[in-house]
Amino acid sequence: MSKIPSVKGTRDFYPDQMAVRNWIMDGWRAASVRNGFVEYDGPIFEHLQLYTQKSGDEIAGQLFSLTDRGGRDLAIRPEITPTLARMVNQQINSLPRPIKWFSLPRLCRAERPQKGRLREFFQWNIDIIGSNNSEYADADCIYTAVDYLRSVGLTPDDIIVKISSRSMLAALLLGLGFDREQLDTIYVLLDKRPKLPEETFMALAEEKIPDNSLRKKLLDILDNCNDIDILVEKVPDSVQDNIEDLRVLLDLLTQLGIEPYCQFDINIVRGLAYYTGTVFEIFDRQSQLRAICGGGRYDNLLAGLGGPQITATGFGMGDVVLEILLQEKNLLSTIKNELDFFVVWDDYHTFERVGLNIVNQLRLRKYSVAFDYRRTDDALGKQLKQASNQNTKFAIIIMKDEIKANKTLIIKNMATSNQKTALLDDFLSKPDNYMSNNELNT
RNA sequence: GUGAGAGUAGCUCAGUCGGCUAGAGCACCAGGUUGUGGUCCUGGGGGUCGCGGGUUCGAGUCCCGUCUCCCACCCCA
């Protein structure tokens with residue numbers, strides 16, 4: 001028999017890694033809920049057409065597709081937004097608005113794996129559909145992303161939310177004299193600027209924008225992209241409304257208290273035809289990694305999938321880059337599988353008569369409890385070693401003579417090594433008192 | 001899809017010019033320890049040197065292919 005390896009770009013989650021994954025996803029879920037989102041999910045595969053209809057036929061080469069026994073072309077989901085659109089379209093007239101939904105889908109993309117990108121990953125998605133105020137919804141969306149990242153210990157020194165607006169950029173380019181057909185080319189050009197050396201970028205800019213004065217005007221604006229007050233003086237009148245919208249959004253984020261995390265950045269463009277308004281991406285401050293999170297407004301998506309014209313905004317945050325960053329910032333070191341209690345003994349008859357009842361009573365109260373499986377006496381050291389290996393918080397030591405003489409056992413804090421005698425009944429009636437007891441914890 | 005680097009124990013790696021039965025640390029298991037884990041000491045298990053082919057008296061070592069990992073492109077929903 002030969003050993004079969006894991007599939008390229010996939011991960012095995014051994015218990016230690018699984019603890020980290022659960023911690024990340026529990027955090028996503030908690031952040032979603034406290035920001036007023038409710039969870040949904042869909043199937044892990046869909047009709048291939050659901051994806052090609054939205055993104056074009058080229059997308060088929062980048063996803064895992066299959067033909068079922070009835071000859072249907074299917075694909076494993078590479079994103080969940082089309083599923084969301086399908087589900088929402090199906091019940092659009094009965095869902096109360098705004099629709100604030102989140103999901104934690106497992107996704108697959110047939111791309112070559114590299115740092116921060118695998119073929120199978122998890123992605124936190126939130127979407128706000130049908131809100132009647134774009135700025136409030138966009139602000140709440142960005143806030144929710146920051147709320148999570150802040151909650152796991154990332155500070156404004158670690159990450160930055162770069163915000164811009166597709167509609168503003170389009171108005172700006174048209175106002176400067178670009179043709180509508182050139183817009184996509186310029187988007188791609190701007191998107192690449194942060195990734196290229198300045199010289200390479202300038203060469204590419206000359207190639208894509210041969211008109212010297214036009215290029216100069218654009219670059220002059222780009223070079224002042226960090227200050228919206230300067231920008232506002234340099235752009236044509238036709239762009240003022242868009243800039244005002246952006247100002248409102250940035251002011252809302254300030255009022256929400258996350259200004260230190262946020263920054264206007266005109267280079268944020270986000271892919272192609274998808275987005276219609278606000279766009280944002282979150283990066284590590286050193287810009288060493290891929291984007292942690294990306295999102296924005298996409299008011300045409302539901303219509304593109306056979307639904308009504310309705311506003312929508314949202315983001316996706318993958319687990320891969322996020323975990324690399326959290327690791328680098330040493331924010332994962334305390335995450336491990338733990339046990340509340342481990343019951344040990346010096347006499348297995350006593351354990352069976354007294355200890356197993358303790359195990360049952362504690363488990364009924366939702367504590368995690370385990371014990372050693374060797375049915376022998378005088379193995380205290382080995383049992384405590386087991387307790388250590390399982391990251392036990394407290395050992396419950398049952399000594400035959402003490403239980404027999406005065407119904408006491410020993411509670412030992414494994415981290416501090418402190419231990420304390422406890423009356424059996426007293427301990428069982430309020431285990432929390434012992435878990436928070438100062439003598440044991442200091 | 002394009003290009004570079006890597007692959008030896010569960011993990012991190014050493015292994016000289018091609019030459020004896022392939023090693024270390026960590027981890028794991030057992031013992032030292034008959035009222036107590038982490039430290040320390042001793043012992044043990046664990047390897048088709050990624051896989052296949054070639055050169056050679058002889059290959060972990062050299063050559064070819066292949067797979068996987070990793071990094072940069074393309075792309076990035």
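Computation of the quantities below employed the complete heavy-atom set of this structure, encompassing side-chain atoms and omitting hydrogens, waters and symmetry-equivalent molecules. In the text below, chain A, chain B and the rest are named by the order of the sequence lines, each starting its count at 1. In this text the structure is predicted, and so the values were computed from the model without any measurement.
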Could you check which of B:rC73, B:rG35, B:rA77 has an atom nearest any side-chain atom of A:Tyr275? B:rA77

Ignoring the backbone of A:Leu380, work out which of B:rC76, B:rC28, B:rG35 is nearest its side chain. B:rG35

Please check the phosphate of B:rC71 (OP1 and OP2 only) for any side-chain N or O of A:Gln114 closer than 4.0 Å. no

A:Glu402 side-chain proximity, nearest of B:rC75, B:rG35, B:rG37: B:rG35

Below the 4.0 Å mark, does B:rU68 have OP1 or OP2 next to a side-chain nitrogen or oxygen of A:Arg119? no

Who does B:rG38 pair with, Watson-Crick or G-U, both distances under 3.5 Å? none

For atom CG of A:Asp12 and atom C1' of B:rU68, their distance in whole Å: 13 Å

Mind checking whether A:Phe351 and A:Phe371 have ring centres under 6.0 Å apart? yes

Classify the side chain of A:Lys8 and the base of B:rU68 as holding, or not holding, a donor-acceptor pair under 3.5 Å. no

Any base atoms under 4.0 Å from A:Ala415, or only sugar-phosphate, or nothing? Heavy atoms, all strands. base

Nearest-nucleotide 5' precedence on RNA chain B, A:Gly381 against A:Asp378: A:Asp378

I want to confirm an ordering. Mapping A:Lys115 and A:Pro78 to their closest nucleotides on RNA chain B, which one lands closer to the 5' end? A:Lys115

Hey, is the side chain of A:Gln390 pairing donor to acceptor with the base of B:rG37 inside 3.5 Å? no

Mind listing the closest non-hydrogen atom pair of A:Val146 and A:Ile258 along with its distance? CG1-CG2, 3.7 Å

Does B:rA77 have its OP1 or OP2 closer than 4.0 Å to a side-chain nitrogen or oxygen of A:Arg270? yes

Considering only heavy side-chain atoms of A:Gln419, the closest of B:rC75, B:rU36, B:rG37 is B:rU36

What's A:Gly9 touching, base or sugar-phosphate or nothing? Going by heavy atoms closer than 4.0 Å. sugar-phosphate

Below 4.0 Å: OP1/OP2 of B:rA30 and any side-chain N or O of A:Lys382: no

Under the 3.5 Å rule, do the base of B:rU36 and the side chain of A:Gln383 count as making a donor-acceptor pair? no

Which is true for A:Leu107 with a 4.0 Å heavy-atom rule: it touches a base, it touches only sugar-phosphate, or it touches nothing? nothing

Between the side chain of A:Arg166 and the main-chain N/O of A:Arg270, is any donor-acceptor distance below 3.5 Å? yes

Write down the partner of B:rG25 under the Watson-Crick or G-U wobble criteria, each distance required to be under 3.5 Å. B:rC11

Taking B:rC75, B:rG37, B:rG3 as options, the one with an atom nearest any side-chain atom of A:Arg112 is B:rG3

Report the residue from A:Trp124, A:Phe37, A:Tyr148, A:Phe102 that forms a side-chain contact (heavy atoms from CB on, under 4.5 Å) with A:Arg29. A:Phe102

Under 4.0 Å between any heavy atoms, over every strand shown, what does A:Arg374 touch: base, sugar-phosphate, or nothing? Just pick one. sugar-phosphate

Just how far, in rounded Å, is P of B:rC76 from CG of A:Leu289? 20 Å

Partner of B:rA77 by Watson-Crick or G-U wobble geometry, both contacts under 3.5 Å, or none? none

When every non-hydrogen atom of A:Glu181 is compared with those of A:Thr185, the smallest separation belongs to O-OG1, 4.5 Å

Closest heavy-atom pair, A:Gly153 versus A:Asp158, reported as atoms and distance to 0.1 Å, is O-OD2, 3.9 Å

